[in-house]
Amino acid sequence: MFTNRLPIAKMAGAVVALAAIIAAVMLSINWNGAEDSTAAPKIDNLMNIMIVLSSIVFAIVVVALAYALIAFRAKPGDESDGEPIHGNTRLEIAWTVIPTIIVLFAGGWSWKVLDEIEEQNPKHLTVDVFSQQYAWSFGYPGKGYAWSQGVLHVPVNRQIVFKMHSQDVIHSFWVPQWRIKKDNVPGITTTAIVTPTKTGTFQLICTELCGFGHASMRAKVIVQSQSAFDKWVEGLKEKVPTDMMVSVKEDTETNPEPLERVEAE
Amino acid sequence: MVATFTRPGWYRAALCTVLAAAFGVGIVVVLRAISGLPAFQSEQTGYPQVVVPLITAPLGFLLGIGCFDYWLRWGFGLPTIPDDHSSHGAYSWKDYFKVNTDHKVIGVQYVVTSFIFFLIGGLMAMLIRAELAQPGTQIVGAATFNSLFSTHAVLMIFVFIIPMFAGMANYVLPLMIGAPDMAFPRLNALSYWMLPLAGILFLASFLAPGGAFDAGWTGYAPLSTGAPLGQSFFNIGVQFAGFSSIFTALNFLVTIITMRAPGMTFWRMPLLVWANLSTSLLVVAATPFISGAQFMVLLDRVLHTNFFQFGAGGDVISYQHIFWFYSHPAVYIMILPGFGIISEVISVHSRKPIFGYRLMALALIGIVVLSYSVWAHHMFVAGMFSWLRVPMMLTTLLIAVPTGIKIFSWLGTLYFGKIHTKSTAMLFALAMIVTFTVGGISGVMLGMVPFDIHVSDTYFIVAHIHFVLFGGSVFTIFAGLYHWFPKMTGRMYDEKLGRVHFWGTLIGTWGTFIPMHWVGMDGMPRRVADYASQFGNWNLLISCFAFMLGAVQLIFVYNMIMSWRFGPKAPANPWGGKSIEWLVSSPPPVFNFDEIPRVVGGPYEYGIPGARHAIMPGEGAEVPATRQTMVGS
Ligand code: HEM
Ligand SMILES: [Cu+2]
Ligand SMILES: [Cu+2]
């Protein structure tokens with residue numbers, strides 16, 4: 001085996017050291033910002049697992065390349081060929097099977113996280129999101145079907161199911177601190193599920209190109225206690241305009257509840 | 001005088017373009033008159049009097065320049081001009097501006113044309129980064145900004161990376177397999193001439209009322225179906241670029257399958273040939289989908305059909321399914337030929353056989369198959385039926401496995417070799433391994449649905465695509481251009497300038513695109529002209545690196561032009577390669593080979609005394625006729 005001719009132990013040591021350093025640095029950085037929903041820590045954990053696995057893969061590639069460049073550089077004037085090694089079946093199987101296991105593990109974990117963050121709680125609150133070029137507005141359940149423009153209020157520590165509708169082109173609903181994003185698609189209703197865990201003011205950002213006003217299509221998000229929220233909704237004067245309601249023509253699998261039913265809540 | 005306009009060439013092309021445009025306008029006016037409509041219509045999405053000529057005028061150009069002469073004469077039973085190969089070879093620079101059926105001339109035409117589009121697209125990138133250097137609006141308004149990044153991406157994808165690879169393979173591949181030319185030389189010429197037309201259509205959209213198309217390279221409906229006239233330029237330009245790709249891919253497929261030199265079995269093909277075989281399989285089956293999607297958008301816009309208009313029963317999300325059914329395979333169309341280049345460069349410059357040659361070829365085929373089953377990973381947050389996400393996540397993650405095989409096998413190839421880094425080609429190849437790994441890693445992370453939900457449509461995506469497309473595809477293009485420059489031009493380039501270009505590009509790429517990961521995760525969406533001031537410093541840094549990255553490309557241009565004209569004469573085989581293109585002179589003879597070479601062994605027989613890949617005509621038969629490829633050691 002030609003691998004006997006390589007300082008495998010030293011190379012492995014270098015990989016471990018390099019991977020440890022990269023992973024330590026990367027894990028110490030707060031990449032995604034504050035974690036203000038139940039989904040956020042789960043997604044960040046998933047990312048951290050990937051950071052560790054990726055650091056190892058990256059370290060393997062870098063160490064392997066660096067060692068090759070140190071040990072196998074041609075001396076000046078050496079025009080001879082390298083050794084006629086055409087492959088190594090065991091090694092090839094290894095670098096097919098091991099990555100397969102790694103990515104399937106990552107896939108399994110992702111699947112689990114996905115199921116967890118999308119599990120509906122029977123006590124959830126449904127809020128409608130209406131988007132149009134270049135503004136957001138929101139409809140709250142209750143007999144009045146109250147409407148707020150440019151500012152979204154939600155109660156803390158309660159699951160919110162957002163039902164999203166667009167009046168014109170595709171927009172996308174993103175609150176980075178919640179780690180949740182979903183497109184608002186004209187013609188259908190899409191759903192996003194969030195349980196905010198911190199009170200405060202956040203920004204809702206449109207992330208789907210929607211025209212020249214895309215960059216400034218923002219709304220304010222206020223997460224507050226249930227009682228403050230109830231009081232705020234109570235004080236809303238306007239109702240969701242009917243033309244917004246009728247714009248939702250179709251019911252799809254992503255939209256088990258058509259808008260009309262929301263209205264009746 | 002009359003002869004000037006009847007002979008194929010630029011005069012006839014100009015005339016035919018004008019006539020065809022007039023014909024297009026005429027058809028619209030007549031059909032509208034018959035339907036009782038006013039002659040002209042200028043609603044923002046309409047303008048049939050512009051849209052139809054946009055289709056007919058380029059066809060008129062192709063007719064005039066002479067792409068169809070032979071076929072038309074044949075089709076109408078006229079005496080065809082005997083195929084004396086007078087349109088082979090280029091004897092002066094003017095020959096590059098004519099319809100030429102020589103694959104080497106077409107290769108150079110492709111490479112130079114697409115490189116010009118790279119420079120134009122790059123200039124747009126500089127403008128984009130200038131605008132983004134600081135928060136707020138300084139240089140261009142939001143609408144122009146949208147046009148800029150849309151045309152930037154479209155130029156880079158459709159008229160730079162894809163045709164650049166087609167051009168390089170056009171030049172090298174027939175030589176590599178010992179063929180005198182491509183299987184269909186006239187189709188090859190037609191494919192080339194559609195390329196500048198596509199690019200010009202994209203650029204001409206800046207002249208349209210309402211500005212250039214601005215719905216991104218993805219052109220999602222209904223933003224695109226309601227956009228101003230410029231969008232139609234995109235819809236039509238893509239048709240020309242798409243047909244060009246499809247014809248070339250068909251040509252490659254037939255050439256590779258039927259025109260290999262005697263003795264060149266599939267398992268003796270260089271990996272560049274395997275890579276182009278795989279790419280062509282992707283192109284022929286996937287590209288019709290983007291043609292279809294753009295046609296449907298065009299019909300929605302001009303004829304008021306309702307494929308994607310939600311108000312009248314159209315389905316918005318189906319656009320994305322059709323689009324990505326092409327455009328995910330397209331990302332592999334943009335990297336597989338590069339994989340082939342890297343395999344050649346690494347093997348030649350480390351004087352070692354490719355490690356695990358068969359697995360490398362099988363990995364390419366694996367990528368082709370998997371490519372068709374992952375498209376919806378671009379739609380995890382699009383609101384499509386939710387059950388599709390997990391299966392698409394698993395296939396997406398699995399596609400990293402054959403990609404990983406490529407990386408590890410390149411590294412394996414270096415071991416126990418004699419690595420020469422004197423060539424800039426090898427520097428780019430080695431750097432690509434590391435840089436592309438980063439892009440692959442971010443790709444795997446994006447494949448994981450919960451993480452993608454957070455970073456989809458943010459700068460993290462911009463970082464990913466540039467690591468794979470700049471750090472991947474463009475690095476492979478540079479590696480290939482440096483590697484085959486002596487073969488194509490017969491001259492050597494300046495290695496010192498090459499090194500400056502390499503280091504500048506490497507540092508520029510990492511400096512520009514690494515910080516983008518972070519700003520994206522931290523909350524900066526993509527495709528925005530303005531952003532929250534908290535990202536100001538990072539964006540300034542990114543822009544500075546981007547300007548440097550742009551500037552060092554000028555060194556490359558200088559090096560190529562000066563070396564092409566004044567560089568020292570190149571030997572036939574400056575790097576000591578084994579594959580057939582190195583066994584002919586630099587540049588190769590007009591008809592490649594006097595007699596077809598005979599292939600007697602694998603393409604990477606380094607280190608085996610007396611082993612040969614091919615025997616050129618006239619050489620003795622003292623060489624072993626066949627030899628088994630060694631596996632294991
Ligand atoms: C290991 C292999 C790869 C994986 C697993 C992967 C995965 C992904 C995923 C999941 C996305 C969608 C992210 C989103 O929009 O939310 C994406 C976007 C993208 N990828 Fe990759 N990728 C890989 C390699 C490549 C390569 C080789 C290229 C091109 C050379 C490429 C080019 C792109 C482009 C252009 C986009 C963005 C499209 C757009 O929205 O404009 N990727 N990738
Ligand atoms: Cu938007
Ligand atoms: Cu993809």
Side-chain angles (χ1 to χ4, degrees), chain A residues 2 31-33 43 46-47 50 54 57-58 61-62 64-65 68-69 72-74 78 80-89 92 95-96 99-100 103 106-107 110-111 113-114 117 169-170 172 176 179-183 185-188 190 205 207-212 214-216 253-254, chain B residues 142-143 146 216 220 222-223 310 316-317 350-353 355-356 359 381-383 385-386 390 393-394 397-398 400-401 404-405 407-408 411 414-420 433-434 437 441 445 448-451 453-454 456-457 521-523 525 527-530 606-608 629-633:
Chain A
F2 67 84
W31 298 101
N32 294 335
I43 291 177
L46 182 67
M47 182 189 73
M50 270 319 283
S54 310
V57 173
F58 185 73
V61 171
V62 171
L65 180 62
L69 284 179
F72 304 113
R73 277 286 266 287
D78 181 358
S80 64
D81 283 353
E83 294 179 30
I85 301 167
H86 284 266
N88 178 297
T89 310
E92 287 167 39
W95 65 47
T96 310
T100 309
V103 296
S110 306
W111 192 349
V113 171
L114 184 67
I117 63 181
V169 300
I170 304 173
S172 197
R179 310 283 189 274
I180 292 297
K181 176 181 299 121
K182 191 52 127 311
D183 283 6
V185 183
I188 62 172
T190 56
I205 301 171
T207 50
E208 185 64 58
L209 177 63
C210 55
F212 64 83
H214 169 54
S216 49
E253 195 236 332
T254 43
Chain B
N146 290 355
Y220 276 12
L223 188 61
F310 65 95
V316 172
I317 290 196
S350 57
R351 324 229 35 82
K352 256 284 307 289
F355 196 94
L359 189 62
V381 300
F385 21 93
S386 46
V390 169
M393 165 171 76
L394 296 178
L397 296 177
L398 282 177
V401 174
I405 291 174
I407 305 254
F408 294 127
L411 290 171
L414 297 172
Y415 277 71
F416 304 103
K418 294 278 165 67
I419 303 172
H420 292 265
I433 297 181
V434 179
T437 301
I441 288 173
M445 298 183 75
M448 300 161 54
V449 182
F451 182 73
I453 292 176
H454 175 52
S456 186
D457 275 313
M521 295 155 102
D522 205 22
R527 293 172 167 167
V528 288
D530 188 10
Y606 293 97
I608 307 167
T629 305
M630 288 171 58
V631 176
S633 60

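Just the heavy atoms: all of them, side chains too, but no hydrogens, waters or symmetry mates, feed the values below. All chains are named by letter (A, B, ...) in the order of the sequence lines, taking the proteins before the strands, and each is independently numbered beginning at 1.
- Counting heavy-atom pairs under 4.5 Å between each of B:Leu411, B:Val434, B:Ile433 and chain A puts B:Leu411 at the top.
- Counting heavy-atom pairs under 4.5 Å between each of B:Gly216, B:Gly523, B:Gly607, B:Pro450 and chain A puts B:Pro450 at the top.
- No other option in B:Pro353, B:Pro525, B:Ser350, B:Gly404 has as many heavy-atom pairs under 4.5 Å with chain A as B:Pro353.
- When the salt bridge (charged side-chain N to carboxylate O under 4.0 Å, His left out) test is applied to B:Arg527, no partner is found at least two apart in sequence or on another chain.
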Under the side chain to side chain contact (heavy atoms under 4.5 Å, CB included) criterion, do A:Cys210 and A:Val169 qualify, and how do the steps go? CA-CA 6 Å; A:Cys210 55; A:Val169 300; 3.7 Å; yes
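- Contact of B:Ser456 with chain A is made through backbone and side chain together, with heavy-atom distances under 4.5 Å.
- Listed options A:Ser172, A:Pro176, A:Gly33 were ranked by heavy-atom pairs under 4.5 angstrom with chain B; first place goes to A:Pro176.
- Your options are B:Asp457, B:Thr437, B:Val449, B:Val316, and the one with the most heavy-atom pairs under 4.5 Å with chain A is B:Asp457.
- Here the closest heavy-atom approach between residue A:Asp183 and residue A:Thr190 is recorded as O-OG1, 2.7 Å.
- To the nearest 0.5 Å, atom NZ of residue B:Lys418 and atom CZ of residue A:Arg73 are 14.0 Å apart.
- Among the candidates A:Thr100, A:Ile117, A:Ile180, the residue making the largest number of heavy-atom pairs closer than 4.5 Å to chain B is A:Thr100.
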From CA spacing to verdict: side chain to side chain contact (heavy atoms under 4.5 Å, CB included), B:Met521, B:Phe451: CA-CA 10 Å; B:Met521 295 155 102; B:Phe451 182 73; 3.9 Å; yes
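- Only the side chain of B:Ile407 has a heavy atom closer than 4.5 Å to any heavy atom of chain A.
- For chain A, the nearby parts of B:Leu414 are the backbone and the side chain; heavy atoms of each come within less than 4.5 Å.
- Ranked by heavy-atom pairs shorter than 4.5 Å toward chain A, the options B:Gly356, B:Ala400, B:Ala142 are led by B:Gly356.
- The parts of B:Asp522 that come within reach of chain A are both its backbone and its side chain, each placing non-hydrogen atoms under 4.5 angstrom from that chain.
- B:Gly383 approaches A:Ile188 most closely through the heavy-atom pair O-CD1, 3.9 Å.
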Steps toward side chain to side chain contact (heavy atoms under 4.5 Å, CB included) verdict (A:Trp95, B:Leu359): CA-CA 11 Å; A:Trp95 65 47; B:Leu359 189 62; 4.2 Å; yes
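- For B:Phe408, the parts lying near chain A are the backbone and the side chain together; criterion is any non-hydrogen pair under 4.5 Å.
- Residue A:Ile170 holds its CD1 atom at 10.0 Å from CG of A:Leu209, rounded to the nearest 0.5 Å.
- Looking at B:Val390, only its side chain comes within 4.5 Å of chain A, counting heavy atoms on both sides.
- Your options are A:Ala64, A:Ser216, A:Ala106, and the one with the most heavy-atom pairs under 4.5 Å with chain B is A:Ala64.
- Of the atoms belonging to B:Met448, heavy atoms from both backbone and side chain fall under 4.5 Å from chain A.
- Between the side chain of B:Asn146 and the backbone N or O of A:Gly211, at least one donor-acceptor pair lies under 3.5 Å.
- Only the side chain of A:Ile205 has a heavy atom closer than 4.5 Å to any heavy atom of chain B.
- Contact between B:Ala382 and B:Ile317 at its shortest, heavy atoms only, is O-CD1, 3.3 Å.
- In this structure, chain B has heavy atoms under 4.5 Å from both the backbone and the side chain of A:Val61.
- Side chain of A:His214 to main chain of A:Glu208: a donor-acceptor pair is present (N/O by atom type, distance under 3.5 Å, no hydrogens or angles).
- Between A:Glu83 and B:Lys352, the closest heavy-atom pair is O-CD, 2.9 Å.
- Looking at A:Ser80, both its backbone and its side chain come within 4.5 Å of chain B, counting heavy atoms on both sides.
- For B:Leu394, the part lying near chain A is the side chain, with the backbone staying farther off; criterion is any non-hydrogen pair under 4.5 Å.
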